[in-house]
Amino acid sequence: MQTALDYLKHNQRRFVAELCDYLRFPSVSAQAPHKPDLLACADWLANHCQKIGLTAEVCPTAGHPIVVARTPRTPGARRPHYLVYGHYDVQPPEPFELWKSPPFEPRLEGRELFSRGSADNKGQHLAHLKAVEACLRTGTELPCDLTFVIEGEEEVGSQNLTPFLKAHRAALQCDGVVISDTGMPRKDLPALTCGLRGIVAFEIVLHGPARDLHSGIFGGAVDNPAMALAQLLAQMRGPDGRVTVPGFYDGVVPFSVLERKQFARLPLKEAELKKLLGVPKLFGERGFTATEQRGARPTFEINGLTSGYQGEGSKTIIPSWARAKITCRLVPDQKPERIRKLVIQHLKKLCPPSVRLEIEAGHGAEAYLLDPTSAPAQAALRALKTAFGHEPVLLREGGSIPIVNDFKRILGADSLLLGLALPDCDAHSPNEKFDLDCFAKGQRMSVCLWQELAAI
Ligand code: BES
Ligand code: ZN
């Protein structure tokens with residue numbers, strides 16, 4: 001194993017250059033004009049996998065393609081088989097003006113590599129590919145067979161990956177899934193994430209007058225859709241931070257005493273968090289700490305709110321419509337479809353007759369929990385400790401990785417979530433960055449992980 005680790009050490013500069021090449025593709029899955037960029041990015045990735053000694057193909061789907069790459073198999077050898085999952089798509093980079101350098105022109109500042117997709121998720125899964133490269137190039141035995149499944153639609157709900165898993169169930173049958181697409185609390189605090197929140201998405205539109213109207217001529221006699229939407233949405237959450245949709249909290253599994261103790265031990269306390277996020281005061285569901293609120297309590301969030309004139313100066317109109325993009329984060333045992341129904345029912349009940357409510361349903365995924373006492377989880381903790389030189393912590397995190405439940409349901413496989421992103425990585429924000437020490441240690445962790453997993 002040492003020769004593989006030495007190889008990693010001596011090749012970091014090239015790895016960073018390769019990561020920069022990967023980051024230059026503006027693979028924004030949410031925006032249709034970027035379709036060719038996603039294709040080019042998938043091609044680059046498949047080529048890169050081939051270059052380092054894997055067999056790789058770009059598999060088309062109804063949406064963006066999936067890259068599947070396999071380590072060389074030894075005929076007759078029955079070795080553990082793990083999937084490594086990641087995504088080459090990225091969140092939209094807007095607003096561009098807040099980036100200190102263009103989002104798809106990677107910039108190194110100290111040990112931090114700035115670019116959209118650096119932490120979420122190109123840098124994180126490239127670490128695993130570099131670990132495999134190190135093993136293959138140094139003749140270090142890879143004690144597990146690996147299949148990389150890197151998709152292009154994670155940031156938009158992974159809807160085409162589910163049928164892909166079903167169609168390739170036999171080839172993807174595995175002993176577990178390894179994912180680096182989560183976080184770690186500090187550079188010296190590696191983590192195994194044992195819980196993720198689920199999600200359910202909708203867009204709601206309130207339609208008012210048939211066209212934008214002169215607000216002086218008609219204002220006062222006709223409802224304003226932007227105002228109606230503001231009033232409607234304002235009723236979805238109480239001043240205690242609780243979602244007011246009836247039935248929303250039914251079946252929510254309460255924290256155990258042990259869980260609350262584990263949450264309390266984590267760093268990034270209220271004061272630090274407030275400073276990191278630049279808010280005048282934190283806000284969340286009463287009765288829970290900020291770590292609990294953002295890691296494992298359900299929410300109702302407005303992700304986008306649009307109506308009326310947004311250009312320079314003023315324009316005195318009553319907008320014809322107002323639109324909101326909404327997601328709820330979910331926890332065990334909230335079912336996305338049930339929550340979707342409850343929210344829609346509540347919105348319909350509260351919507352005034354002076355506007356017409358239109359609801360478009362989006363993606364949904366359940367929350368995820370992993371038993372940290374399982375043998376693979378314990379193996380992952382050992383690999384983290386060896387690579388980072390520090391005792392790892394167990395986390396529950398608030399983000400969602402929609403496909404993990406399908407890995408369980410369709411393939412029967414648990415997902416080990418070994419995140420390499422730091423809390424200040426600014427994923428989904430302007431100036432996203434990835435720490436190159438985490439990149440390097442992630443590669444070491446991956447080399448160690450296959451040894452540990454093969455030994456259980
Ligand atoms: N990497 C994140 C998920 C994540 C982030 C998990 C931090 C835990 C901690 C992933 O790329 C992501 O952003 N997922 C989306 C999924 C959604 C669009 C269906 C999310 O959580 O918003
Ligand atoms: Zn993301």
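In each ligand, atom 1 is the first atom listed, and ligand 1 is the first ligand listed.
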Handout entry: Heavy-atom proximity to atom 1 (N) of ligand 1, best of Ile199, Asp89, Asp181
Key = Asp181

Exercise for the section: Check each of Glu153, Arg294, Glu154 against atom 10 (C) of ligand 1 and report the one with the nearest heavy atom. Expected result: Glu154

Practice task
Any pair with a residue in residues 415-427 that passes side-chain hydrogen bond (donor to acceptor under 3.5 Å, both in side chains), sequence neighbours left out, goes on the list, sorted by first then second residue, please.
Solution key: none

Distance under 4.0 Å to a non-hydrogen atom of [X]: what atoms of ligand 1 satisfy this?
X	value
Pro402	19 (C)
His87	11 (O)
Gly399	4 (C), 6 (C), 8 (C), 21 (O)
Leu196	6 (C), 8 (C)

Exercise for the section: Run the ring-centre check on Tyr85 versus Phe407 and record whether the distance is less than 6.0 Å. Expected result: yes

Practice task
Would you confirm whether the ring centroid of Tyr22 sits within less than 6.0 angstrom of the ring centroid of His125?
Solution key: yes

Exercise for the section: Tell me, please: is Arg197 in heavy-atom contact with ligand 1, that is, under 4.0 Å? Expected result: no

Exercise for the section: Report yes or no: does a heavy atom of Gln91 sit under 4.0 Å from some atom of ligand 1? Expected result: no

Practice task
Check each heavy atom of Asn121 against ligand 1 and say whether those closer than 4.0 Å belong to the side chain, the backbone, both or neither.
Solution key: neither

Handout entry: Sequence-distant partners of Lys187, salt bridge (charged side-chain N to carboxylate O under 4.0 Å, His left out), two or more places apart
Key = Asp435, Asp437

Exercise for the section: Step by step, work out the ring-ring contact (aromatic ring centres under 6.0 Å, His included) result for Phe288 and Phe255. Expected result: CA-CA 10 Å; Phe288 296 93; Phe255 297 143; 5.8 Å; yes

Exercise for the section: Can you establish whether the number of heavy atoms outside Lys269 located under 6.0 Å from its atom NZ is more than 12? Expected result: yes

Completion exercise
Atoms listed for the Zn ion (ligand 2) (protein only, N, O or S, under 2.8 Å, no waters) are Asp120 OD2, Glu155 OE1, Glu155 OE2, His428 NE2

Practice task
Would you check if Val245 and Ile339 make a side-chain contact, meaning some heavy-atom pair closer than 4.5 Å?
Solution key: no

Problem - Side chain proximity check, Ser446 to His128, heavy atoms < 4.5 angstrom - result: yes

Considering only the protein, which heavy-atom contact is closest to [atom], and what is its distance?
atom	value
atom 22 (O) of ligand 1	Arg329 NH2, 2.7 Å
atom 9 (C) of ligand 1	Glu397 OE2, 3.4 Å
atom 19 (C) of ligand 1	His363 CE1, 3.3 Å
atom 16 (C) of ligand 1	Ser400 O, 3.5 Å
atom 18 (C) of ligand 1	Glu155 O, 3.3 Å

Problem - Heteroatom proximity flag, Thr182 to ligand 1, N/O under 3.5 Å - result: no

Exercise for the section: Assess Arg242 against Tyr249: is NZ or CZ under 6.0 Å from the centre of the six-membered ring, and within 45 degrees of the ring's axis? Expected result: yes

Problem - CZ on Arg396 to CZ on Arg294, rounded to 0.5 Å - result: 13.5 Å

Handout entry: Approximate separation, where rounding is to 0.5 Å, of Glu203 CD and Thr327 OG1
Key = 11.0 Å

Atom pairs and distances, donor-acceptor, side-chain atoms in residues 39-59, under 3.5 Å, two or more places apart:
residue : atom : partner : partner atom : Å
Asn47   : ND2  : Asp43   : O            : 3.3
His48   : NE2  : Lys130  : NZ           : 2.8
Gln50   : NE2  : Ala56   : O            : 3.0

Handout entry: Donor + acceptor pair across side chains of Glu397, Thr193 (<3.5 Å)
Key = yes

